[in-house]
Amino acid sequence: MSVQVGTAGRKIGVLGTGAVGQTIGRKLIQLGNQICMGSRQANNEKAIAWQATVGPAASVGTFADAAAFGDLVFNCTSGSGTMAALGAAGADNLRDKILVDLSNPLDFTHGMPPALFTPHHDSLAEQIQRSLPNTRVIKTLNTMNCTVMVDPGRLEGGEHDVFVCGNDVAAKTTVTNLLRDGFGWKRVVDFGDITGARAVEAYVLFWVRAWSALGTAEFNLRLIR
């Protein structure tokens, strides 16, 4: 099944009510889309408060509601809660759809700095793909702060990199077009199939340390060759 997703006029599900989900959802509404934000409970207070700030193009519900609503779905949940959230969203609701995965497998059990809870030969995105074989999982936008995700031009005029990886070439093209035409990314680097998520998820350990060293989350990576 080929899903053509432009920058406007779509129904999009957003899983997660934190800063990432709220920022992504707001940007997608600004681009002219309808958004359903999903959480564990349909009456989630953070989701309802967010809805009040963005207007009638937003609705809220459970993870399953958001997954069923969207022909494209963003996973903006924390890494530790991702598999449970996607289980609640339901495989049937995500069947044949593109799932844009922004999560990171960070383990804060022993405080800061975090570790990864995935082994070196695996990634959270790969675990998602294995658990949802009929969903087209694309990993992207997990390597920067949410403010930069939706406004890359705030740093160096947008001359820095975002990475995409996934097994489905058409789905990767769809997401790349949304990143470029919707979010304003000039430099999108294709990291290949879903195993590329091992690299971009591991990079977040460096990102956390850089955040601490720089004293700000307003930075990103550029590959110079």
Legend entry - Single-linkage hydrophobic cluster, 4.5 Å side-chain cutoff, Leu223 and Leu155 together: no
Legend entry - Under 3.5 Å: donor-acceptor pair, side chain of Trp185, backbone of Met149: yes
Legend entry - Close side-chain approach of Asn75 to Thr82, heavy-atom, < 4.5 Å: yes
Inset, instruction - Nearest 0.5 Å please: distance from the CG atom of Asp107 over to the NE2 atom of His110. - result: 6.5 Å
Inset, instruction - Output the distance between atom CG (Leu72) and atom CG (Leu178), rounded to the nearest 0.5 Å. - result: 7.0 Å
Inset, instruction - For the pair Asp101 (side chain) and Lys139 (backbone), establish whether a donor and an acceptor sit closer than 3.5 Å, ignoring hydrogens and angles. - result: no
Inset, instruction - Decide yes or no for Asp151 and Phe183: does some side-chain heavy atom of the first lie under 4.5 Å from some side-chain heavy atom of the second? - result: no
Inset, instruction - Could you tell me whether a side-chain N or O of Asp193 sits under 3.5 Å from a main-chain N or O of Gly166, the two making a donor and an acceptor? - result: no
Legend entry - Arg222 atom CZ: more than 12 heavy-atom contacts under 6.0 Å: yes
Legend entry - Hydrophobic cluster (4.5 angstrom, side-chain heavy atoms) - remaining members for Leu99: Leu15, Phe63, Val73, Met83, Leu86, Leu94, Phe117, Leu124, Ile128, Leu132, Val137, Ile194
Inset, instruction - Taking all non-hydrogen atoms of both residues into account, name the closest pair between Ser103 and Thr77 and its distance. - result: CB-O, 3.6 Å
Legend entry - Thr147/Glu218 under side-chain hydrogen bond (donor to acceptor under 3.5 Å, both in side chains): CA gap, chis, key distance, verdict: CA-CA 8 Å; Thr147 55; Glu218 293 284 307; 2.5 Å; yes
Inset, instruction - Could you pull out the closest heavy-atom pair between Ala202 and Leu116, with the gap in Å? - result: CA-CD1, 3.8 Å
Inset, instruction - Would you check if the side chain of Asn93 reaches a backbone N or O of Ala89 as a donor-acceptor pair within less than 3.5 Å? - result: yes
Inset, instruction - Report the distance from atom CG of Asp65 to atom SG of Cys36, rounding to the nearest 0.5 Å. - result: 6.0 Å
Inset, instruction - Would you name the heavy atoms of Pro119 and Gln127 that are closest together and state the gap between them? - result: CD-NE2, 4.5 Å
Legend entry - Cluster overlap Val208 with Met144, hydrophobic side-chain contacts below 4.5 Å: no
Legend entry - Polar side-chain atom of Thr174 near backbone of Ala170 as donor-acceptor pair, under 3.5 Å: yes
Inset, instruction - Determine whether Leu221 and Val148 fall in the same hydrophobic cluster, where Ile, Leu, Val, Met, Phe, Trp and Tyr are linked whenever their side-chain heavy atoms lie under 4.5 Å apart. - result: no
Legend entry - Cys146 side, atom SG; Leu102 side, atom CG - distance, nearest 0.5 Å: 10.0 Å
Inset, instruction - Can you spot which of Val188, Val189, Val200 makes a side-chain contact (heavy atoms from CB on, under 4.5 Å) with Val162? - result: Val188
Inset, instruction - May I ask you to test the Phe206-Thr143 pair for a side-chain heavy-atom distance under 4.5 Å? - result: no
Inset, instruction - Examine Val20 and Leu179 and state if one hydrophobic cluster contains both, with Ile, Leu, Val, Met, Phe, Trp and Tyr joined whenever side-chain heavy atoms are less than 4.5 Å apart. - result: yes
Legend entry - Asn104 backbone acceptor or donor facing Glu201 side chain under 3.5 Å: no
Inset, instruction - For the pair Thr140 (side chain) and Phe163 (backbone), establish whether a donor and an acceptor sit closer than 3.5 Å, ignoring hydrogens and angles. - result: yes
Inset, instruction - Quick one: pull up OG1 in Thr135 and NZ in Lys97 and give me the separation to the nearest 0.5 Å. - result: 9.0 Å
Inset, instruction - Could you grab the distance from atom CG of Leu141 to atom CG of Asn145, nearest 0.5 Å is fine? - result: 11.5 Å
Inset, instruction - Over all heavy atoms of both residues, which pair between Ala197 and Cys165 is shortest? Give the atoms and the distance, please. - result: N-SG, 3.3 Å
Legend entry - Close side-chain approach of Thr173 and Val175, heavy atoms under 4.5 Å: no
Inset, instruction - Check whether any side-chain heavy atom of Gln34 lies under 4.5 Å from a side-chain heavy atom of Arg10, and answer yes or no. - result: no
Legend entry - Nearest atoms (heavy-atom pairs only) where Val14 meets Gly25: CG2-CA, 4.3 Å
Inset, instruction - Tell me, yes or no, whether the heavy-atom count around Gln41 atom CD, taken from other residues, nucleotides or ligands under 6.0 Å, exceeds 12. - result: no
Inset, instruction - Measure the shortest side-chain to side-chain distance between Leu106 and Leu205 over non-hydrogen atoms and say whether it is less than 4.5 angstrom. - result: yes
Inset, instruction - Give a yes or no on whether Leu28 and Phe69 share a hydrophobic cluster (residues Ile, Leu, Val, Met, Phe, Trp, Tyr; joining criterion: side-chain heavy atoms under 4.5 Å apart). - result: no
Legend entry - Enclosure of Lys27 NZ (heavy-atom neighbours >12, cutoff 6.0 Å): yes
Inset, instruction - Would you check if the distance from the ring center of Phe219 to the ring center of Trp207 is below 6.0 Å? - result: yes
Legend entry - Contacts of Glu159 that satisfy salt bridge (Lys or Arg N to Asp or Glu O under 4.0 Å) - sequence neighbours left out: Lys186
Inset, instruction - With the side chain counted from C-beta on, respond yes when Arg130 and Asp122 share a heavy-atom pair under 4.5 Å apart, and no when they do not. - result: yes
Inset, instruction - Under the side chain to side chain donor-acceptor pair (under 3.5 Å) rule, collect the residues that match up with Arg198, sequence neighbours excluded. - result: Glu126
Inset, instruction - State, yes or no, whether a side-chain contact exists between Trp50 and Thr17 at a heavy-atom distance under 4.5 Å. - result: no
Inset, instruction - Might you confirm whether atom CZ of Arg209 has over 12 heavy atoms from other residues, nucleotides or ligands at distances under 6.0 Å? - result: no
